[in-house]
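Beneath this line is the structure, given in structure tokens, with notes to follow.
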Amino acid sequence: MTKNDIADVLREIAVLLELKGENPFKIRAYENGARTLESLTDDLGEVIASGKLSEVKGIGEALTQKITELHKTGRLRFHEELRTSVAPGLVEMLEIPNLGPKKIKALHDKLGISSIAALAKACADGLVAELPGFGEKTQQKLLEGIKHREAYGRRHLWWNAHAVAGPIVAGLRKLRGVKHAEAAGSLRRGLETVGDLDFIVAADAKDSKAVGRIVDWFTARPGVFEVTARGETKTSVRYENGLQADLRIVPEEQFAFALHHFTGSKDHNVQMRQRALARGLSLSEWGLEPADGEGTVKTKAAAHAETRAKITSETELFAALGLAFIEPELREGLDEIEAAELTNNRLPHLVEHTDLRGAFHNHTTASDGRSTLEEMIAAAQTLGWEYIGIADHSKSSHQARGLDERRLADQVDCIQKINTSGRFKTHVFAGTECDILTDGSLDFDDLTLAQLDFVVASVHNAFSQGEEQMTARIIRAIENPRVTMLGHMTGRLLLRREGYRVNAAKVIDAAIANGVIIELNASPWRLDMDWRLWHGAAARGLLCSINPDAHETGHLAFVRTGVNIARKGWLSKQNIINTKPSPKCARGLKPTARDLMAQATMGEAARRGDAGAHRKTKTRCSR
DNA sequence: GCCGTTTTCGGCCCGACTGTTTTCAGTCG
């Protein structure tokens, strides 16, 4: 077992102990142990072998014994016994907002509730409100939480759906008889959440053997829980994680139409069909053919065959309707069809994953990350990034072990040494994810922030402030000249928690007026600021930073979802700060992130022809 | 369960908020 696997087990023990009502400090000891393990820079096997594990601060005799057992055998008796002593439904109940271990324990002890279903019934029967410490409002909130959870349960994060779909598409393409295979639907459109998966395969429909082989392969994939339909052209399965998937096998000449149709969105398809009708054509998943009553010269069948023969790709399908190719991410029925008009093509050249040269806002084990500073830099280097920005939490985020001034200064010092050592090709920008306090002031003073290359300002508490207060709070932070960018604008967690109430339009206005960047937090759970806002905001000069908010090396890959969302927001690489090269300042001075910001901001302003629009100029070259 | 120039027991991180209370417990980040 690796140190991070062992840390996971220690954390699970902490959760189980909480549900049992154990001593909170004992619980924290397990959490600390997990953290300590993750920050360990030496090889765990060697530390154990040398007998020095118990000398590590935060790991005493008991944890040494447990970690050793896990490392050697991959199992821990104490953990397994603990697991069987707690009903699994209790752990699941922790996912309901406003329900923590203490209340779950009370519900279990007093009403014998050990599942979400049982809790829903008890709430509906009014039993929960009668318990001491609970009341009508709590009961109502719990019911709503359960209802939300059920509604959310029908959708899945893009990231998770993509992980399931990727190998299936790759596998389908390798099968004999398959000419093309693609995932369609909201997955292909890069939507933040996905309802179900759609796979479109082109194959010879008359070759029933080949079709049977494809269907057999699809239904026999590991993780398939049940086959819900198996017909001539459509097969449906459900995976163990609840995700549904449809496989459609179509003749090759129909592939482009089926792919377009099942990619959607519904609104986009409606508009496309209207456009076709205006041209005397009828568009469907089967093809593009003369609309009824319009096929006067040729017979309908002949015209049909002729049109189909001409169209073998989506590009040709769009062209047949006088449109440029519309990237799937843009097909939301907003303005994309008007913009794609071939005679006046206004479609943007969308940013691509390969345009990124680095990313800001990443955590390390100094706060709540699981990879050390060196591990994060090495991972960025492996990705070929020119630079990586480190932004650990600030001191008010106690729960995330936020850095105080002294620890931040130590980290900056460490980053400077790494940069000058030449150990890594990737340059490291020193930053912070600085808490925006309840009144809009920042968690660090100006002097502390001045030593940094960049500052991400984020809200991490008092989520329930009213819209007016929250908006004023965030704008006050944006107006602080030390702030480079605003972190996760609404704090939402997709499928789990609504964001805090904030007037996005006012925040965007303030960011533009102050030359502050807004983050596109690329964590698959956040994708915040929402893609629906980017198009308009960027057109008015707002600069975006695609930030992975990585808490371990593997999370750097989250920029992939960030790019999806940026594309859905019509963004080109010019709109995104981390597509810019690491700046080499004149006179050989050390590059800083602020120069990058200044360059890009000025570039954006120049492009729009109003260079004076940004009242803040950030031209500092070095500290 | 861990720690220690207050060292083998007693303390361990905290502020805001909500709903339940009538001074506080639980949840969240």
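Note: hydrogens, waters and symmetry copies are ignored here, and every other heavy atom, side chains too, is used.
A:S397 comes within 4.0 angstrom of no nucleic acid atom, judged by non-hydrogen atoms across all strands. Contacts of A:V459 with the nucleic acid, taken as non-hydrogen atoms under 4.0 Å apart, are absent. If you check every strand for non-hydrogen atoms under 4.0 Å, A:P97 touches sugar and phosphate atoms only. Contacts of A:K105 with the nucleic acid, taken as non-hydrogen atoms under 4.0 Å apart, are absent.
The base-pairing partner of B:dC17, taking Watson-Crick or G-U wobble contacts with both distances under 3.5 Å, is B:dG26.
Here the C1' atom of nucleotide B:dC2 and the CG atom of A:L53 are 13 Å apart, to the nearest Å. Here the P atom of nucleotide B:dT27 and the NZ atom of A:K137 are 18 Å apart, to the nearest Å. Distance, A:R35 CZ to B:dC2 P: 17 Å, rounded to whole Å. Rounded to whole Å, the distance from CD1 on A:I59 to P on B:dG4 is 14 Å. Per the geometry, CD belonging to A:E144 stands 11 Å off P belonging to B:dG19, to the nearest Å. To the nearest angstrom, C1' of B:dG26 lies 13 Å from CG of A:L94. Following rounding to the nearest Å, A:E18 (CD) and B:dG1 (P) show an atom-to-atom distance of 15 Å. Rounded to whole Å, atom P of B:dG1 lies 13 Å from atom NZ of A:K20.
Separation of the C1' atoms belonging to B:dT8 and B:dT20 is 41 Å when rounded to the nearest angstrom. Comparing the same atom, P, in B:dC24 and in B:dC9 gives a spacing of 31 Å after rounding to whole Å. Using C1' as the reference atom, B:dT6 and B:dG11 are 11 Å apart when rounded to the nearest Å. Here the separation of B:dC12 from B:dT7, taken at their P atoms, is 16 Å to the nearest Å. The gap from the P atom of B:dT21 to that of B:dG26 amounts to 12 Å, rounded to the nearest Å. Remark: the separation of the C1' atoms in B:dT5 and B:dG1 is 24 Å, to the nearest Å.
With sequence neighbours excluded, the residues forming a ring-ring contact (aromatic ring centres under 6.0 Å, His included) with A:H488 are A:H460, listed by chain and number. For A:W531, there are no ring-ring contact (aromatic ring centres under 6.0 Å, His included) partners at least two apart in sequence or on another chain. When the salt bridge (charged side-chain N to carboxylate O under 4.0 Å, His left out) test is applied to A:D445, no partner is found at least two apart in sequence or on another chain. Partners of A:R526 by salt bridge (charged side-chain N to carboxylate O under 4.0 Å, His left out), not counting sequence neighbours, listed by chain and number: A:D549. Checked against ring-ring contact (aromatic ring centres under 6.0 Å, His included), A:H162 has the following partners two or more places apart in sequence or in another chain: A:W158. Residues passing the salt bridge (charged side-chain N to carboxylate O under 4.0 Å, His left out) test with A:E46: none are found, sequence neighbours excluded.
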| field | Stepwise side chain to side chain donor-acceptor pair (under 3.5 Å) check, A:N4 with A:E552 | value | CA-CA 10 Å; A:N4 281 1; A:E552 58 184 77; 5.1 Å; no
Atom pairs, N/O to N/O, protein against nucleotides 22-25 of chain B, distance under 3.5 Å?
none

Between protein and nucleotides 8-16 of chain B, what N or O pairs are separated by less than 3.5 Å?
from	atom 1	to	atom 2	distance (Å)
B:dC13	OP1	A:R28	NH1	2.1

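For A:A29 and A:N98, each mapped to the nucleotide of DNA chain B holding its nearest heavy atom, the one lying further toward the 5' end belongs to A:A29. Between A:L99 and A:K57, the residue anchored closer to the 5' end of DNA chain B is A:K57, taking for each the nucleotide with the nearest heavy atom.
The residues A:D8 and A:R370 are annotated as salt-bridged, a charged nitrogen and a carboxylate oxygen being separated by less than 4.0 angstrom. The pair A:E192-A:R532 meets the salt-bridge criterion, with a side-chain N (NZ, NE, NH1 or NH2) lying under 4.0 Å from an Asp/Glu carboxylate O.
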Less than 3.5 Å apart, which donor and acceptor atoms pair up between the side chains of residues 87-104 of chain A and the rest of the protein, not counting sequence neighbours?
from	atom 1	to	atom 2	distance (Å)
A:E95	OE1	A:R149	NE	3.3
A:E95	OE1	A:R149	NH2	2.9

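Within residues 119-134 of chain A, the residues having any heavy atom closer than 4.0 Å to DNA chain B are, in order of number, A:G133, A:F134.
Counting only heavy atoms from C-beta on, A:L63 has its side chain closest to B:dG1 among B:dT20, B:dG1, B:dT18. Among B:dT20, B:dG1, B:dT27, the nucleotide with an atom closest to any side-chain atom of A:T138 is B:dT20.
Identified under the ring-ring contact (aromatic ring centres under 6.0 Å, His included) test for residues 493-519 of chain A, with sequence neighbours left out: A:F463-A:Y500. Applying the ring-ring contact (aromatic ring centres under 6.0 Å, His included) definition to pairs two or more places apart or across chains, none involves residues 117-138 of chain A.
Aromatic pair A:F454/A:F429: centroids not less than 6.0 angstrom apart.
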